[in-house]
Amino acid sequence: MTIQTRIMGLLARLPERVASVDVRRDLATPLRDGGALRADLWLPRPLRASASVVLIRTPYGREGMDLVARLVAERGHPVVVQSCRGTFGSAGVFDPFRTESADAEDTLAWLAAQPWGDRPVSLLGASYFGHTAYTAVAADASRISSVSVAVTATDMRASAVYPDGVFAPETALVWIAGLTTQELPRRAQRRAMRALTRRMPAALAAPEKDADRVLLGETYPPYQDWVSHDRADDPWWEPTRRSQIREIMPPSVLVAGWYDPFVVGQLADHEAMVEAGRLTRLIVGPWTHGSPPIASHLVRESLRLQDEAPRGGAVVWDGGLRRWVELGAWPPAAVTRRLVLDGGAALRLDPRSSLDLSWIVDPGDPPPPAGGRGLNPRFAGRRRQTARERRADVPVFSTHALRSPLTIAGRASVELVTPASDRQQDWFVRLCDVDAVGVSRNIADGFVRTPPGAESVRAELSPAAFTFRAGHRIRLQISGTGHPFHPSLGETGRRRVLSRAGAWSVLELPTIEGGWRALPATPAEEGAMSTVLGRVATGFEPVRDEVVRLTDADADFGGQLCVYRGDRVVVDLAWGPGAALAGLTGFYSVSKGVAATVVALLIDGGALELDRPVASYWAEFAAQGKASVTVRELLSHQAGLAAVDDGVRPGDALDSREGAARLAAQLPLWRPGTAFGYHGITIGILMEELVRRVTGVELQELYEEHIRASREIDVFLGLPAEQSHRYRDPRPPLGPAEPAPAVEDDLAAAAFGRLLRAPDATLAEFGPFSPAVRTRGTAAAGGVGSAHGLARLYAAALGHIGAPIASPDTFAAMSQVQVSGHDIVLDAPMSFGIVFMKPHAQLPFASFRAFGHDGAGGALAFADPLHDIGFGYIPTRMTTPGGADVRAVALSGLVRACLAPARVHGGRA
């Protein structure tokens, strides 16, 4: 086992390692024509008799699968990674789709002849090597025990080459650009890809039959075949179609992405398999074709499929609620809701007028794709639509702000009435969500090319599972060009849409009445005196009433408050000057609790042990008598490193490597383990370096990839540029700023004096007022987010949002009181677990089992396992003195009071 597989196994939530692994490279697997394919074998020791052998057949190189192969083999399954014909040393010429069937038959026969391979075969693959997996099922389904595939489909022609029945040159050209450069040396490959990227626009503008030559400088025979065989019923395409296996499919898992080109075909495959009575499980996330979480989900689900009882059903990501939803079947039963395209750019249930709209389509100036489904990661995904919607050639139609949530699941469709044209016409429609501040983002899209004479257009959109929140609007875009797959027909023309009595143009939505058992979003009552925005669940009205009372008493009081109970939002409020439910701001030391979730990841997987010396991970730390300081002592403010002799500087936090080197060389301010004192800035530097030493990865990267992004948590350690428009600085506290403490002969003054004594150091420069700190997302005080995001993060810590961040036992261990009493730096009573703050008599923010952190300026966030709540509070104006706002503590108590004793987690009050 390597440190990389240890960390990845932890982060991917894989079962425990049970075997060591022998690796045999470059094995020859014979073919019937006398050639041989090259393969690598990953053989576990010991080898269980019950283990299946995992087969991966890929054209993209075997080394790229080393991590996946080792992870699977360490869990007891032999793994064979084979290069397809004509790639990476395998004999022959790579002719996509054409020879995979015979090669799969020969490979299965070779496996059966191996002493370790005469056992059931489990197939694993994604994209093209998902197709090779399906081809192996077609070759000999009797040998296959399970199939785990991602971002692929059984019909490659319909899903990738001719989606919507129209050739997709960008998909084809992006793919062949990668195929023709992948075996070059690294530096040459980079140069070649840069050149191809420069030539891509010209290739896409060229006639389809010439595009490969424009891109590569020569024709690419498979591409020429795809263009010339343009009829769907051409038997040439039979090797690309494996739809027949849907009726004989062994137990399977299908992992898909809402913004992947294959999602339409993949979800159709799932429906067909279920209809045929096959046991299959579907997982659909907010992913594009190459999103990193796909691999971890695929490996985890493959192991479950091999080692546990197979499961059916579906797990889908609702991008509106930003959470996973478990379903018995996909798509769930839905009711069609028709919205009519009406005058005034409106979408209405009951139209009030008629519509006659026309615009010019200029193929030389198409609208930008702005997200959607595609192979090109620079354009695919869920994106802001401002660049498209400001254009005259992208008409939009929108509902009013919704009074209650609306959930859709399945495929929406659009029917447009249009005058007959004497030529073909392209129509690109896109469904969007417009949030409370007016930002539009894409959900699903559809495309259709109508023949001459067509008087109507029907476009079925890609599948979606999405809840439009109260206060949001539903929007439909229509355009005549600019689809990510399909370039323009090449002729300037006009599009015209009509909508009138007897011939309405409509958007049809597959709606789920009542949503996913989610709370109805209650918008603020119109005309109310209070400025309180948002919603509360039944039973939590006293919380909103108290916020109203506080705002009536203090017109300057503003902030955000959100509470999750389990996976349900029970309070989500914003109020006062500058308040916005979707706004982001800084929260200083609340960031420490955010960063602590990454520490929990590492502890949970055994990569980090609390009672090992820090120096066993970070050798330089042993200097100045610190060799025996444990991780537990370091992360509970006992190490005596609250400052350094010549002062902690902002640069030490921004470049924590430099700051960590200074701290490693520092003589502790007190004997470690004999007292505790708040390491206000330095604990963030120490955490970042410890994580870096254990994993080789930045703490912020681990948080983004393995905690925040997959759960869509609105809390950032490193504010992305595309989110900066939502950020507002905390308003400074009223009254004069507190003076820096004098440096005297006591540890408290010395620690703070040293922190503030450096020439360029002010407390503001260590926090989110500094753009550099926001961009870096320093673990000590650089986090940015919303109260909703903080509550959601701590609900995730309790295991309610997506896969658990860490086990309950790990968070229980981290939330055990490590130190309590007099903090010699703050000169005040405090209580800490591992990084997390604990409630105590002077700060009773929750039950004895709670863990979280407050921040300078008044913010407070925590999880309370006893009451099963995640809590987030951020005031818009900083409060003094530092630490949790007393109103936050009072509101947290009121939240607990709203929970009847019978509803307390575990049945205890």
Side-chain angles (χ1 to χ4, degrees), residues 1-15 17 21 40 42 54-75 77 79-83 122-134 146-153 175 178 182 252-263 266 281-307 315-317 324 375 377 380-381 601 605 607 695-697 701-712 802-803 805:
M1 179 174 62
T2 66
I3 186 64
Q4 184 182 26
T5 57
R6 185 179 184 184
I7 296 300
M8 292 308 300
L10 159 69
L11 298 177
R13 300 286 168 204
L14 302 185
R17 171 182 176 267
V21 180
D40 295 341
W42 300 74
V54 176
L55 175 62
I56 301 170
R57 300 190 62 249
T58 174
Y60 304 126
R62 303 186 296 282
E63 288 187 4
M65 298 305 299
D66 280 2
L67 177 58
V68 167
R70 183 175 288 278
L71 287 170
V72 174
E74 286 179 345
R75 282 137 189 94
H77 297 275
V79 180
V80 173
V81 181
Q82 183 188 69
S83 290
S122 180
L123 301 170
L124 187 148
S127 194
Y128 187 88
F129 56 107
H131 166 74
T132 66
Y134 283 148
S146 67
V147 179
S148 302
V149 292
V151 293
T152 193
W175 190 40
Q182 63 178 348
S252 61
V253 170
L254 278 61
V255 180
W258 291 129
Y259 300 100
D260 174 60
F262 291 95
V263 66
Q266 193 166 14
R281 183 165 177 80
L282 176 68
I283 299 170
V284 193
W287 304 316
T288 61
H289 193 71
S291 295
I294 292 174
S296 59
H297 279 77
L298 182 63
V299 172
R300 181 170 62 247
E301 294 298 327
S302 174
L303 290 168
R304 285 177 177 170
L305 191 58
Q306 295 173 76
D307 299 331
V315 181
V316 300
W317 179 259
W324 293 101
L375 288 185
L601 277 177
T695 68
V697 180
E701 294 176 21
L702 291 172
Y703 170 73
E704 175 64 21
E705 182 173 349
H706 298 288
I707 296 177
R708 195 207 71 78
S710 62
R711 299 170 181 85
E712 289 205 352
I805 295 172

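Every heavy atom of this structure was used, including side-chain atoms; hydrogens, water molecules and symmetry mates were not. Note that the structure is predicted; figures quoted are calculated from it, not measured.
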Begin from the C-alpha positions of Val72 and Leu303 and carry the test side chain to side chain contact (heavy atoms under 4.5 Å, CB included) through to its verdict. CA-CA 7 Å; Val72 174; Leu303 290 168; 4.2 Å; yes
Hey, what do you get for [atom1] ([X]) to [atom2] ([Y]), rounding to the nearest 0.5 Å?
X      : Y      : atom1 : atom2 : answer
Ser302 : Leu71  : OG    : CG    : 11.5 Å
Ile56  : Ser122 : CD1   : OG    : 9.5 Å
Gln82  : Met65  : CD    : CE    : 13.0 Å

Short question: side chain of [X], backbone of [Y] - any donor-acceptor pair under 3.5 Å?
X      : Y      : answer
Glu705 : Pro292 : no
Gln306 : Glu301 : no
His297 : Pro293 : yes
Trp175 : Leu375 : no
Thr152 : Gly130 : no
Arg711 : Ile707 : yes
Arg304 : Arg300 : no

Closest approach of [X] and [Y], non-hydrogen atoms and distance?
X      : Y      : value
Ile294 : Thr288 : CD1-O, 3.3 Å
Val151 : Gly257 : CG1-N, 4.4 Å
Ser148 : Leu305 : OG-CD2, 3.6 Å
Ala256 : Trp287 : O-CE3, 3.2 Å
Trp324 : Gly285 : CH2-CA, 3.6 Å
Arg57  : Thr132 : O-OG1, 2.7 Å

Residues which pass ring-ring contact (aromatic ring centres under 6.0 Å, His included) with His289, listed by chain and number, not counting sequence neighbours: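 His289 satisfies ring-ring contact (aromatic ring centres under 6.0 Å, His included) with Phe262 only.
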Evaluate the ring planes of Tyr60 and Phe129, with Trp represented by its six-membered ring, and classify them as parallel (under 30°), tilted (30 to 60°) or perpendicular (over 60°).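 Geometry flag for Phe129 against Tyr60: perpendicular rings.
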Please walk me through it: do Tyr134 and His131 pass ring pair (Phe, Tyr, Trp, His ring centres under 6.0 Å)? CA-CA 5 Å; Tyr134 283 148; His131 166 74; 8.1 Å; no
Would you say that [X] contacts [Y] through its side chain, given a criterion of any heavy-atom pair below 4.5 Å between the two side chains?
X      : Y      : answer
Arg281 : Val315 : yes
Asp66  : Glu63  : yes
Trp258 : Val316 : yes
Trp42  : Glu74  : no

With side chain to side chain contact (heavy atoms under 4.5 Å, CB included) as the criterion, how do Arg75 and Leu14 come out once you've worked through the C-alpha distance, each side chain's angles and the decisive distance to 0.1 Å? CA-CA 9 Å; Arg75 282 137 189 94; Leu14 302 185; 3.4 Å; yes
Would Val81 and Thr58 count as a side chain to side chain contact (heavy atoms under 4.5 Å, CB included) here? Give the steps. CA-CA 7 Å; Val81 181; Thr58 174; 4.2 Å; yes
What verdict does the side chain to side chain contact (heavy atoms under 4.5 Å, CB included) test give for Leu298 and Leu124, after you've listed the backbone C-alpha separation in whole Å, the side-chain angles of each residue and the deciding distance to 0.1 Å? CA-CA 8 Å; Leu298 182 63; Leu124 187 148; 4.0 Å; yes
